[in-house]
Amino acid sequence: YPFLAKLNQATLDVPNHNQNSLVVYPNPTKDFITLSSNGYRGKAELFSILGQNLKIFDISNDETVFNLSELAVGTYFLKLNQQVVKVVKY
């Protein structure tokens, strides 16, 4: 039997990824983390593992440094828009 495959444009498309890519480093960290956000401007929220909102940061540059030195050792979540990054402090 002959094999026939019909492909349309949607099948061959590569999905567009969000241009506002997010990189947090170093992770794990001791005192400071740097957020590299390609074009994102707005707020970032830091949550404890229990869901408590601990801090709100303003993002106004492509690279922003956050001071986490006053926080206890543990796991935290950094939320920007719809993205969430796990941050570990040692």
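Sequence positions, counted from 1, serve as the residue numbers for this chain.
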Closest approach of S69 and K89, non-hydrogen atoms and distance?
O-NZ, 3.8 Å
Atom NZ of K79 and atom CG of L22: how far apart are they, to the nearest 0.5 Å?
13.0 Å
Positive for side chain to side chain contact (heavy atoms under 4.5 Å, CB included) with L46, one of I56, L68, I33
L68
Passing candidate, side chain to side chain contact (heavy atoms under 4.5 Å, CB included) with L54, options Y76, F77, F47:
Y76
As an exercise, state the distance from CG of N81 to OG of S37, rounded to the nearest 0.5 Å.
11.0 Å
Taking all atoms of both residues into account, what is the closest heavy-atom pair of E63 and Y25, and its distance?
OE2-OH, 3.3 Å
Taking the side chain as everything from C-beta on, heavy atoms only, tell me whether F66 gets closer than 4.5 Å to L35.
yes
Closest non-hydrogen atoms of K43 and I59, given as atom of the first, atom of the second and distance, are C-CG1, 4.4 Å
Between atom CG of N38 and atom OH of Y40, what is the distance when rounded to the nearest 0.5 Å?
13.5 Å
Is there a path from V65 to L80 through hydrophobic residues (I, L, V, M, F, W, Y) whose side chains come within less than 4.5 Å of each other?
no
Considering non-hydrogen atoms only, spot the tightest contact between L78 and A44 and give its length.
CD1-CB, 4.1 Å
NZ (K55) with more than 12 external heavy atoms under 6.0 Å
yes
Between the side chains of T29 and N27, does any donor sit under 3.5 Å from an acceptor?
no
